[in-house]
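Down below is the structure, laid out as structure tokens.
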Amino acid sequence: MKVKDSMKPLPRSFFNRDTLTVAKELLGKILVHQTRYGDIAAKIVEVEAYKGSDDPASHAFRKKTPRNQLMFGKAGFAYIYFVYGNHHCLNVTTEKEGFAGAVLIRAVEILEGLEIAKRNRVTKPNINLSNGPGKLTKALGISNAQNGIDLTKRNKLFISIPLKVERFNTTIAGRIGVKQGADKLWRFYIENNEFVSKM
DNA sequence: ACAGCGATTGACT
DNA sequence: GTCAATCGCTGTA
């Protein structure tokens, strides 16, 4: 049976809230991507929040541009950008329309479709399959083609409520790879999860 | 029109 | 630990 059929997308109201709240609550949710080779399902284990108004690290800090316009739009859409000439990063838009916000998915634990994910990543060691923003998009086959997809509908790419409710502790930490706004503790990850990029 | 650089990764010393 | 790869977006002109 296909993974996708048993999954229920999170409603728009889940994303249409404060970015920090959405970021924290995204931990443990399931990212589903239906590819031509089969479905991949992955648990979100690490995220970072980005807000436009008072966050110098955010793409939306200065003003609305062709790239970041999705951050100003409705919540619950995929905002994917290409960075360092090499990697794609997957974000989910948050907040009400007109207020810029997004949550960067930094790491996932692949639950279904592991073989497909391994094939998507050409590197040899599969230990570090999806413990980083650039790595997980490669493993799940996500690129600019998925930019702007509505993640609250049963599209090729969406975010689902987990089938089983798990208990876990959430750790709060500083964001990684940002020069400005490094003081903000806007990174959240599942404690003791081996797929987190940096403990 | 263009120079500078980034929400990273992997390879190498 | 250090550093190159690599390109589209952005600010400045």
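By convention in this document, chain letters (A, B, ...) are assigned in the order of the sequence lines, proteins followed by strands, and residues within each chain are numbered from 1.
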Please tell me whether [X] and [Y] have a donor and an acceptor in their side chains that are separated by less than 3.5 angstrom.
X      : Y      : result
A:N193 : A:E109 : yes
A:E191 : A:Y189 : no
A:K135 : A:N131 : yes

Exercise for review: Whenever both distances are under 3.5 Å in a Watson-Crick or G-U wobble pair, mark it; put DNA chain C into dot-bracket that way, with [ ] for crossing pairs and | when the partner is on another strand.
Suggested key: |||||.||||||.
In whole angstrom, what separates [X]'s [atom1] from [N]'s [atom2]?
X      : N      : atom1 : atom2 : answer
A:N131 : B:dT9  : CG    : C1'   : 11 Å
A:L129 : B:dG10 : CG    : P     : 10 Å
A:L136 : B:dG10 : CG    : P     : 12 Å
A:H87  : B:dA11 : NE2   : P     : 11 Å
A:K51  : B:dA7  : NZ    : C1'   : 17 Å
A:N128 : B:dT9  : CG    : P     : 10 Å
A:H88  : C:dA5  : NE2   : C1'   : 15 Å
A:F61  : B:dA7  : CZ    : P     : 13 Å

Compile the donor-acceptor pairs under 3.5 Å between side chains in residues 22-29 of chain A and protein atoms, sequence neighbours left out, one pair per line.
unit_1: A:E25; atom_1: OE1; unit_2: A:R17; atom_2: NH1; d: 3.4
unit_1: A:E25; atom_1: OE1; unit_2: A:R17; atom_2: NH2; d: 2.9
unit_1: A:K29; atom_1: NZ; unit_2: A:E25; atom_2: O; d: 2.8

Check your understanding: Just wondering, more than 12 heavy atoms not from A:F168 lying within 6.0 Å of its CZ?
Key ->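 Enclosed.
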Practice item. Return no unless some side-chain N or O of A:K135 is found under 4.0 Å from OP1 or OP2 of B:dG10. Key: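 Affirmative; the distance criterion is met.
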Exercise for review: Identify, residue by residue, the members of residues 101-109 of chain A with a heavy atom below 4.0 Å from DNA chain C, and return them in order of residue number, or none.
Suggested key: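 The answer is none.
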Practice item. Sort and list the pairs that fulfil ring-ring contact (aromatic ring centres under 6.0 Å, His included) and have at least one residue in residues 82-110 of chain A, not counting sequence neighbours. Key: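 Residue pairs with at least one partner in residues 82-110 of chain A: A:F82-A:H88.
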Taking the side chain of [X] as its heavy atoms from C-beta onward, which of [options] lies nearest to it?
X      : options              : value
A:V178 : C:dT6, B:dA7, B:dG6  : B:dA7
A:N91  : B:dA7, C:dT6, B:dG6  : B:dA7
A:N86  : B:dT8, C:dA5, B:dG10 : C:dA5

Review point. What integer number of Å spans the C1' atoms of C:dC3 and B:dC5?
Key: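 Taking atom C1' in both C:dC3 and B:dC5, they lie 16 Å apart.
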Point to revise | side-chain hydrogen bond (donor to acceptor under 3.5 Å, both in side chains) contacts in which one or both residues fall within residues 140-151 of chain A, not counting sequence neighbours | key: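 Qualifying pairs: A:R12-A:D150, A:D150-A:T152, A:D150-A:K153.
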Review point. Is A:L140 reachable from A:V45 through a run of hydrophobic residues whose side-chain heavy atoms are each under 4.5 Å from the next?
Key: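 Cluster IDs for A:V45 and A:L140 match.
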Check your understanding: Would a hydrophobic clustering, with Ile, Leu, Val, Met, Phe, Trp and Tyr connected at side-chain separations under 4.5 Å, put A:I149 with A:Y81?
Key ->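 Different clusters.
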Exercise for review: In plain terms, say whether A:D55 and A:R175 are close enough for a salt bridge, that is, a side-chain N and a carboxylate O under 4.0 Å apart.
Suggested key: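 Judged by the 4.0 Å cut-off on N to carboxylate O distance, A:D55 and A:R175 do form a salt bridge.
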Practice item. Please answer whether the main-chain N or O of A:L136 pairs with a side-chain N or O of A:R121 as donor and acceptor at a distance below 3.5 Å. Key: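 Between the backbone of A:L136 and the side chain of A:R121 there is no qualifying donor-acceptor contact (under 3.5 Å).
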Check your understanding: Mind checking whether A:V32 and A:I40 have side chains closer than 4.5 Å, heavy atoms only?
Key ->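 No, their side chains stay 4.5 Å or more apart.
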Review point. Within the stacking criterion (centroid distance below 5.5 Å, interplanar angle below 30°), does A:Y81 stack on B:dA7?
Key: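 One would not call A:Y81 stacked on the B:dA7 base.
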Point to revise | Summary of protein contacts for nucleotides 8-13 of chain C, nucleotide by nucleotide, where a base hit scores B, a sugar-phosphate-only hit scores S (4.0 Å, heavy atoms) | key: -SSS--
